Visitor: 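Here's a structure for you.
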2 protein chains.
Amino acid sequence: MTKKNLIEYLEPIHSVGYLARINFRAFSKALEKLIEPHGVSAGQWRFLRVLWEHDGVTQRELCRKVGITEATGVKGIASLAAAGFVKRTIDTRDKRKIIITLTPHARTLEAKLIPMVVEVNERALEGITKKEADIVRRVLAKTYFNLTKEN
Amino acid sequence: MTKKNLIEYLEPIHSVGYLARINFRAFSKALEKLIEPHGVSAGQWRFLRVLWEHDGVTQRELCRKVGITEATGVKGIASLAAAGFVKRTIDTRDKRKIIITLTPHARTLEAKLIPMVVEVNERALEGITKKEADIVRRVLAKTYFNLTKEN
DNA sequence: ATGTAATACTTAGCTTACGAGGCTTTTGCA
DNA sequence: TGCAAAAGCCTCGTAAGCTAAGTATTACAT
């Protein structure tokens with residue numbers, strides 16, 4: 001490992017981890033500005049996006065799809081329930097499970113909020129070709145897999 | 001906007017923002033496992049990485065380079081100082097400024113910790129060509145710029 | 001020289017996230 | 001059948017991040 005190589009790792013701009021972090025914050029903040037007037041926080045959005053496509057899943061499954069731990073999910077889902085976006089129902093066949101269901105109000109939000117995330121994504125990807133964007137998504141899916149797979 | 005296009009935005013895997021978030025967590029967690037035995041948290045690491053290259057900067061400049069707000073920086077730098085990694089000195093020429101300087105101990109950590117972040121990056125980028133990795137870094141720098149620029 | 005604006009850091013309060021460990025229910029097997 | 005293990009959710013403590021508003025110092029225009 002030469003000194004030059006080491007320097008590359010010290011300059012954050014060369015690190016995918018650093019870029020992931022600042023982009024995560026930037027995406028969140030941009031989205032928040034658009035959706036908060038509708039009473040939805042960025043954290044709540046992450047759950048809603050999954051629920052619009054997969055309503056009636058268990059809490060564990062929802063957390064898995066959102067990409068957070070169950071400990072974090074408990075708080076997030078409580079916040080959704082408090083805001084009147086979801087209902088929590090104990091599964092009758094397996095009383096350990098809690099089924100998360102969207103309220104009618106939360107379902108009506110889909111049509112309003114989706115264009116906003118479309119806008120944020122389009123703004124972010126301005127000046128980037130479809131081919132490049134596809135590479136980015138594929139590579140980031142792979143780095144995540146590489147870092148989280150066993151051993 | 002067709003229904004098919006909308007679905008793409010609902011499936012998290014197609015969203016750069018989602019991928020950025022899960023990768024940020026994955027990078028942090030992987031790095032944490034390696035550096036915590038040396039008494040360094042992932043949060044502290046972010047500051048140290050900058051300081052190893054730019055020792056003696058002001059608090060504001062350090063925060064800018066780390067990519068966080070100054071409010072967040074106050075806590076992080078306090079934690080570094082409590083752990084004995086940095087010293088905070090008021091600038092004699094401008095008493096508003098606080099200069100952050102590494103302690104000798106923190107400087108010795110560089111040689112131990114850099115190989116660890118190298119390892120995490122190499123593991124993350126396994127099976128990805130240099131060309132693809134370059135595209136990812138360039139695109140993520142651009143999306144960040146696009147989302148944070150004035151307009 | 002002085003009052004206003006800008007700069008640099010801090011505080012308070014909130015959100016989102018994690019790990020470790022605990023509780024209840026279900027499952028599987030001796 | 002009965003009991004240990006697994007599954008599913010929750011609590012607690014802590015970290016890291018943000019915005020908004022506050023304090024102290026310096027710069028600048030008049």
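Residue numbering restarts at 1 for every chain, and letters A, B, ... go by the order of the sequence lines. None of these values were measured; they are calculated from a predicted model.
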Visitor: What heavy-atom pair brings B/P115 and B/E110 nearest, and what distance separates the two atoms?
Guide: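 Result for this residue pair: CD-O, 4.3 Å.
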Visitor: Students should find this one: the first and last nucleotides of DNA chain C, 5' to 3', lying under 4.0 Å from a heavy atom of chain B. What are they?
Guide: C/dA6 to C/dG19
Visitor: Work out which heavy atom in A/A106 is nearest to a heavy atom in A/L48; give both atom names and the distance.
Guide: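 Closest approach of A/A106 to A/L48, heavy atoms only: CB-CD2, 4.3 Å.
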Visitor: I need the residues from residues 27-40 of chain A with at least one non-hydrogen atom less than 4.0 Å from DNA chain C; give them sorted by number, or say none.
Guide: none
Visitor: So A/R64, base contact, sugar-phosphate only, or nothing? Heavy-atom distance under 4.0 Å.
Guide: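 Nothing, no nucleic acid heavy atom in range.
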Visitor: Sequence neighbours left out, cut at 3.5 Å: what donor-acceptor pairs do the side chains of residues 26-40 of chain A make with other protein atoms?
Guide:
unit_1, atom_1, unit_2, atom_2, d
A/S28, OG, A/F24, O, 3.2
A/S28, OG, A/R46, NH2, 2.7

Visitor: For B/E119, which residues count as a salt bridge (charged side-chain N to carboxylate O under 4.0 Å, His left out) partner, sequence neighbours excluded?
Guide: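 Counting only residues at least two positions away or on another chain, B/E119 forms no salt bridge (charged side-chain N to carboxylate O under 4.0 Å, His left out).
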Visitor: When you measure from the side chain of B/R123 to the backbone of A/L147, do you find a donor-acceptor pair of N or O atoms at a distance under 3.5 Å?
Guide: yes
Visitor: Who pairs with B/E70 by salt bridge (charged side-chain N to carboxylate O under 4.0 Å, His left out), at least two apart in sequence or on another chain?
Guide: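 Result, salt bridge (charged side-chain N to carboxylate O under 4.0 Å, His left out) vs B/E70: B/R60.
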Visitor: Run B/F47 and B/V86 through side chain to side chain contact (heavy atoms under 4.5 Å, CB included) and show every step you take.
Guide: CA-CA 10 Å; B/F47 291 96; B/V86 301; over 6 Å; no
Visitor: For B/A20, is there any backbone N or O sitting under 3.5 Å from a side-chain donor or acceptor partner on A/N23?
Guide: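 No, the answer is negative, given that no donor and acceptor are paired below the 3.5 Å cut-off.
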Visitor: Looking at every non-hydrogen atom in both residues, tell me the closest pair between B/T58 and B/K97 and how far apart they are.
Guide: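 Where B/T58 meets B/K97 most closely, the heavy atoms are CG2-CD, 3.9 Å.
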Visitor: I'd like to check the ring-ring contact (aromatic ring centres under 6.0 Å, His included) partners of A/Y144; sequence neighbours left out, ordered by chain and number.
Guide: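 Not a single residue meets the ring-ring contact (aromatic ring centres under 6.0 Å, His included) criterion with A/Y144.
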Visitor: Any side chain to side chain donor-acceptor pair (under 3.5 Å) pairs touching residues 99-108 of chain A, not counting sequence neighbours?
Guide: A/D55-A/R107
Visitor: Charged N to carboxylate O below 4.0 Å: is that the case for B/R64 and B/E61?
Guide: yes
Visitor: Would A/K65 and A/E53 pass as an ion pair if we require N to O under 4.0 Å?
Guide: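 A salt bridge is absent here (no side-chain N lies under 4.0 Å from a carboxylate O).
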Visitor: Would you give me the side-chain donor-acceptor pairs under 3.5 Å for residues 88-95 of chain A, sequence neighbours excluded?
Guide:
unit_1, atom_1, unit_2, atom_2, d
A/R88, NH2, A/Q59, OE1, 3.3
A/D91, OD1, A/R93, N, 2.7
A/D91, OD1, A/D94, N, 3.1
A/D94, OD1, A/R96, N, 3.1
A/D94, OD1, A/R96, NE, 3.1
A/D94, OD2, A/R96, NH2, 2.8

Visitor: Do the side-chain N or O atoms of B/S41 get closer than 4.0 angstrom to the phosphate oxygens (OP1, OP2) of D/dA16?
Guide: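 So the side-chain polar atoms of B/S41 do come within 4.0 Å of the phosphate oxygens OP1 or OP2 of D/dA16, strictly under.
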Visitor: Quick check on contacts: within residues 72-82 of chain B, what sits under 4.0 Å from DNA chain D by heavy-atom distance?
Guide: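 Residues of residues 72-82 of chain B that come under 4.0 Å of DNA chain D are, in numerical order, B/T72, B/K75.
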Visitor: Quick check on contacts: within residues 84-101 of chain A, what sits under 4.0 Å from DNA chain C by heavy-atom distance?
Guide: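 Listed by number, they are A/D94, A/K95, A/R96.
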Visitor: Tell me every residue that passes salt bridge (charged side-chain N to carboxylate O under 4.0 Å, His left out) with B/K131, counting only those two or more places apart in sequence or in another chain.
Guide: none
Visitor: Quick one: is D/dC10 close enough that its OP1 or OP2 comes under 4.0 Å of any side-chain N or O from A/Q59?
Guide: yes
Visitor: With the criterion being N/O to N/O and under 3.5 Å, what pairs connect the protein with nucleotides 20-23 of chain D, and how long is each?
Guide:
none

